[in-house]
A.B. asks: 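Sharing a structure below in structure tokens format, with a few things to ask.
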2 protein chains.
Amino acid sequence: MFKLYSKGCEYALRALTYAASRSGNGRFQAKDVCEKADIPESFTRKVFQALTQGGFLQAVRGPGGGYELSRPPEKISLLDVIEAVEGQDTFEHCVLGFPECGGKHPCPLHETWSKAKRQLMAQLEHRTLQDLADSTTRKKRRAYISGG
Amino acid sequence: MFKLYSKGCEYALRALTYAASRSGNGRFQAKDVCEKADIPESFTRKVFQALTQGGFLQAVRGPGGGYELSRPPEKISLLDVIEAVEGQDTFEHCVLGFPECGGKHPCPLHETWSKAKRQLMAQLEHRTLQDLADSTTRKKRRAYISGG
DNA sequence: ATAATAGTGGATAGAAAGGTCCACTACTCA
DNA sequence: TGAGTAGTGGACCTTTCTATCCACTATTAT
């Protein structure tokens with residue numbers, strides 16, 4: 001039952017990727033983005049609420065309203081999104097569930113896991129929403145551009 | 001909500017690590033091992049049942065009975081245990097939940113994730129139950145041996 | 001046979017994750 | 001001011017995971 005992040009986080013990433021790939025101003029609406037990303041709207045709205053309260057999104061009510069990213073998509077890493085949804089400490093838990101696992105009392109897997117985790121987090125940190133949006137858009141344009 | 005594996009798998013790893021660190025023959029009892037590893041017995045028994053049905057453990061009933069590993073602990077990698085408990089396809093799912101994510105239609109995170117996954121699985125594959133048992137035992141002996 | 005031991009399988013219950021619904025508020029425009 | 005739009009917050013439901021209990025079966029020793 002491996003999970004990098006929760007369903008809510010997966011939806012957030014998919015929705016925000018779509019949002020970042022839109023032309024025009026950055027504002028997007030929950031309903032629209034959920035339909036396009038093919039994710040459950042009611043549930044994803046809850047995630048948006050949380051992201052708004054966390055200062056990650058700005059909500060605008062009323063006609064013409066929607067959400068805006070607090071930072072431009074090229075300044076938002078996947079790790080940012082994941083930690084915003086899951087909390088800052090998602091990757092902190094000991095894999096073997098040892099309560100006092102740490103520098104002084106490492107569990108048998110501590111070093112192995114720390115290394116793998118560092119590599120994983122480094123990858124998540126250097127990819128941004130803009131990257132994801134670009135590759136999605138490029139794919140839709142039949143990918144005749146080779147470079148990144 | 002990051003999870004490398006389920007609670008059941010965590011318990012299996014902890015229990016089997018303790019089992020591998022026992023001196024004498026390889027047989028161990030569910031009750032004993034769960035107490036020593038400080039994990040819930042009833043729940044872990046279910047995991048043992050599954051591992052037995054999967055051919056991973058051999059069950060011996062009656063007085064003096066218990067379980068035996070089907071292979072010596074130095075021949076069982078952590079990946080073996082994880083896949084035995086979680087199923088062969090735990091690490092196969094697309095991180096973004098795209099149903100047709102694969103070689104021909106990769107999701108935007110496919111390459112990033114594949115790389116991180118390979119590194120992670122390589123680490124889990126080359127560490128065995130015996131390794132874990134050794135480091136646990138060494139720790140208990142106050143770790144005056146430096147090498148690995 | 002009987003008692004004791006140790007794993008088995010099914011029922012059940014609680015907690016967390018995933019998901020839906022609806023009345024409400026805030027805002028815009030006519 | 002009224003209608004329509006878009007996010008909010010709370011109630012509620014379902015599924016999955018985690019956990020426990022107990023009657024049962026297989027085995028061993030007396």
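Numbered from 1 within each chain, the chains take letters A, B, ... in sequence-line order.
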A.B. asks: If you take atom types as modelled and just measure distance, does the side chain of A:Q49 reach the base of D:dG9 with a donor-acceptor pair under 3.5 Å?
C.D. replies: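 Indeed, a donor on one side and an acceptor on the other fall under 3.5 Å apart.
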A.B. asks: Quick one: which of D:dT8, D:dT27, C:dG9 gets closest to the side chain of B:P63?
C.D. replies: D:dT27
A.B. asks: Looking at side-chain heavy atoms only, is the closest gap between A:I76 and A:T128 below 4.5 Å?
C.D. replies: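 With C-beta onward as the side chain, the pair stays apart.
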A.B. asks: Between B:Y5 and A:W113, is the ring pair (Phe, Tyr, Trp, His ring centres under 6.0 Å) condition met? List the steps.
C.D. replies: CA-CA 13 Å; B:Y5 37 63; A:W113 177 236; 8.4 Å; no
A.B. asks: Using heavy-atom distances to pick each residue's nearest nucleotide on DNA chain D, tell me which of A:Q53 and A:G64 is more 5'.
C.D. replies: A:G64
A.B. asks: Give a yes or no on whether a salt bridge exists between A:R22 and A:D32, defined as a side-chain N under 4.0 angstrom from a carboxylate O.
C.D. replies: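 Looking at A:R22 and A:D32, the cut-off is met.
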A.B. asks: Give the rounded distance in Å between these two atoms: CD of A:Q58 and P of D:dT8.
C.D. replies: 12 Å
A.B. asks: Using a 4.0 Å heavy-atom cut-off across all strands, classify B:F48 as base, sugar-phosphate, or nothing.
C.D. replies: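 If one applies the 4.0 Å heavy-atom cut-off, B:F48 turns out to touch nothing in the nucleic acid.
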A.B. asks: Quick one: do the A:Q58 and A:T52 side chains pair a donor with an acceptor below 3.5 Å?
C.D. replies: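 The criterion, which ignores hydrogens and geometry beyond distance, is not satisfied for A:T52 and A:Q58.
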A.B. asks: What is the separation between atom CD on A:E10 and atom C1' on C:dA17, rounded to the nearest whole Å?
C.D. replies: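 Going from A:E10 (CD) to C:dA17 (C1'), I get 13 Å.
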A.B. asks: Near DNA chain C, under 4.0 Å by heavy atom, which residues of residues 82-97 of chain B?
C.D. replies: none
A.B. asks: For residues B:L120 and B:L4, determine if any side-chain heavy atom of one lies less than 4.5 Å from a side-chain heavy atom of the other.
C.D. replies: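 Of all side-chain heavy-atom pairs linking B:L4 with B:L120, at least one is under 4.5 Å.
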A.B. asks: Please evaluate residues B:K115 and B:E111 with respect to the criterion salt bridge (charged side-chain N to carboxylate O under 4.0 Å, His left out), reporting the C-alpha separation (whole Å), side-chain torsions for both, the decisive distance (0.1 Å), and the verdict.
C.D. replies: CA-CA 6 Å; B:K115 188 179 168 190; B:E111 279 311 309; over 6 Å; no
A.B. asks: Using a 4.0 Å cut-off on protein heavy atoms (strictly under), produce a 5'-to-3' string for nucleotides 13-24 of chain D with B for base contact, S for backbone-only sugar-phosphate contact, and - for none.
C.D. replies: ----SBBB----
A.B. asks: When the distance from CZ of A:R45 to P of D:dG10 is rounded to whole Å, what number comes out?
C.D. replies: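 To the nearest whole Å, that distance equals 17 Å.
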A.B. asks: Starting at atom NZ of A:K31, determine the distance to atom C1' of D:dT8, rounded to an integer number of angstrom.
C.D. replies: 17 Å
A.B. asks: Just to verify, which of B:I39, B:V85, B:V81 counts as forming a side-chain contact (heavy atoms from CB on, under 4.5 Å) with B:L13?
C.D. replies: B:V81
A.B. asks: Below 4.0 angstrom from OP1 or OP2 of D:dT5, is there any side-chain N or O of A:Q29?
C.D. replies: no
A.B. asks: Does the side chain of A:F2 reach to within under 4.5 Å of the side chain of B:I82, using non-hydrogen atoms?
C.D. replies: no
A.B. asks: Less than 4.0 Å between a side-chain N and a carboxylate O, is that true for A:D80 and A:R71?
C.D. replies: yes
